[in-house]
Every structure is written in structure tokens, then in C-alpha cells.
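Notes to accompany the following structure.
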Amino acid sequence: MIENPLRLPPELTSSPVFDPAVLKNLIEMVGGDREIVNDIVNTWIEESPSLVAMLTGNTDADALYNASHTLKSSSRSVGAMRIGAIAEQIEASARGGEVHASVALCAAALTETTQALTDWQSSR
Amino acid sequence: MSEVRPRAETAESKERPDDSISVVLVDDSITIRAMLTALLRDNPELDLVGVAEDGESSVGVVLDLRPDVVIMDMQMPGISGVEAAGQILARWPDARIVMNTAYDDDETKTLAEEIGAVGYITKGQRASALIKTVLDAAKEPS
């Protein structure tokens, strides 16, 4: 469980790490092909660490904004709701706000989310 | 950025009828491209003919392929979707561009209209709404 000692907005840590209903809907949308959805999840698992790495230690506002925006959308598309909420917070703060605490939270959420998605892939 | 190419993005399309609607997809997120590719390829009326991962390359891809509809991510690093759409429309005014965005607000919708987009979809929309917007865009006079 992620702690919140930095007093960030509570929705960042109260959002579910992973909402399996999103992937259930996605399976329906692609004609019941779970393998395609597994493939999309694998893509997120491969793409997201590079996006989080772009956030870490980055002081360029535009780079922070773009990486967090992409991470927000891609995460929510696979049901990774908490990291989506954290990325939204970074996006909102990127131009002029303090983002370091949110970025640290984002890195922690990445590990938790990847495990949740891997568990989902293993469950049949 | 990752060079991985998911199966959903690389798999061959199903056979399409001759009157299918050709689509070019532009998005910087490989996860979003994989998801939209899967959704578009599941619909026999649509034929995904090209994919671009940034605004800069999208201009050349669209002008080369001249698809019936372009799905353009509004917010991308480098040349944004708004700028790319503007460049495409300046050189091909008949392009039918549907803007795809995470923002569902009047300001963004107005911006999409002002640049000449024929449609607007948000990333949280269900597949049926996305497909309908693309089909409706294809009916717009060019």
C-alpha cells in the first residue's frame, strides 16, 4: 500500500490501483479476444517505465506535461486508475507547480500497478 | 520511447470490402495506438491504412495515403496534433480529421472546430461512440 506522508490530494492514493472492469469492457469491445487485450496490457507494462523515467528528475515543464499527459491516458485505458490520477496531478502542476512529490508517488504506483496487471493476466 | 510493436498494431487487417473507410491513426502513446488499432480492426467498415506516432511524421503519412478519416491525438510532444492538423489542412483542405483528446471541455471542442476538424472524441469514450464518430466523419462532404 502506498503511504501519503506528503499530504498530496487524497484521491491520488484512494483511487484503486487497478480497475479490472476497464479491461473486461475492452475485451467486449474487441470481440471477446482476450489475447489482444493481454497484448495491450503488455504494451502498457513496456511503455510506462520509460514515461515514469521521463518524469523523474525532469525540470522541463513541457517534457513533464507531455509525459504525464501520455501516461494519464494510456494508464486509464488499461484500468490503471491510481497511476492515471497521479499522472493527471503531475500534468496539472507541470507548468508552474511542485511535482516532485507526485513523481515519487508515481514511481511507487508503477510497481504496484504492474503487479496488479500481471496478476490479472494470470487469472483465467 | 519504446520501439515495441504490439500484435494489435502489426497484425494484418481482416479482408475489407472495397467501400470500406480508410483511416490513419496518430497517437504518441503506443498503448493507445494498440488499443485503437484493435478497435478499428474489429469493425469491417473501417480499414486502418496507416499509423503515425508523432505530429511531425503524421503530416507526411496523411498526405501520402489520403485516407478518408484521420484520428489525430491533440496533445503530443513536439508538433502537437493541433499543429499537425493545421499543416495537413493547409496542404489538403479536404482532409477529414477527428481530434482525439483526453480533455472533455468546451474550450478543447472549440479549438478542434476552429482548426477545421470534422469530429471530436475523448479518450474515455466507449468504442461504439468512437466508431460512430469516425463513420460520421467519413460522411462529411470533402
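Naming convention: chains lettered A, B, ... in sequence-line order (proteins, then strands); numbering from 1 in each chain.
To the nearest 0.5 Å, atoms NZ (A/Lys72) and CD (B/Gln75) are separated by 9.0 Å. Summarising the geometry, atom OG belonging to A/Ser74 is positioned 11.0 Å from atom CZ belonging to B/Arg33; distances are rounded to the nearest 0.5 Å. For the atom pair B/Ile30 CD1 and A/Ile40 CD1, the distance stands at 11.5 Å (nearest 0.5 Å). Here the CG atom belonging to B/Asp28 is positioned 7.5 Å from the CD atom belonging to A/Glu47, to the nearest 0.5 angstrom.
Between A/Val30 and B/Ala38, the closest heavy-atom pair is CG1-CB, 3.7 Å. When all heavy atoms of A/Asn66 and B/Pro77 are compared, the closest pair comes out as ND2-CA, 3.6 Å. Between B/Ser29 and A/Thr70, the closest heavy-atom pair is CB-CG2, 3.5 Å. Taking each heavy atom of B/Ala34 and A/Thr43 in turn, the nearest pair found is CB-OG1, 4.4 Å.
A single hydrophobic cluster is not seen to contain both B/Val118 and B/Val70; linkage of ILVMFWY side chains at heavy-atom distances under 4.5 Å, directly or through other members, places them apart. Note on B/Val61 and B/Val59: same hydrophobic cluster, where clusters join Ile, Leu, Val, Met, Phe, Trp and Tyr whose side-chain heavy atoms are under 4.5 Å apart, directly or indirectly. B/Met99 and B/Leu48 fall into different hydrophobic clusters, where Ile, Leu, Val, Met, Phe, Trp and Tyr are joined by side-chain heavy atoms under 4.5 Å apart, directly or via other members. In this structure, B/Val26 is not a member of the same hydrophobic cluster as B/Val23, with clusters built from ILVMFWY side-chain heavy atoms closer than 4.5 Å. Note on B/Trp92: it clusters hydrophobically with B/Met72, by side-chain heavy-atom contacts below 4.5 Å among ILVMFWY residues.
Looking at A/Val37, there are no atoms closer than 4.5 Å to chain B (heavy atoms on both sides), in backbone or side chain.
Taking the side-chain contact (heavy atoms from CB on, under 4.5 Å) definition, one finds that B/Thr101 meets it with B/Met74, B/Tyr103, B/Thr108, B/Tyr120, B/Thr122, sequence neighbours left out.
Put simply, the side chain of B/Met35 reaches to within 4.5 Å of the side chain of A/Leu26, judged on heavy atoms. The side-chain heavy atoms of A/Met29 and B/Asp42, taken from C-beta on, include no pair separated by under 4.5 Å.
Residues in residues 56-81 of chain B take part in these salt bridge (charged side-chain N to carboxylate O under 4.0 Å, His left out) pairs, two or more places apart or across chains: B/Asp73-B/Lys123.
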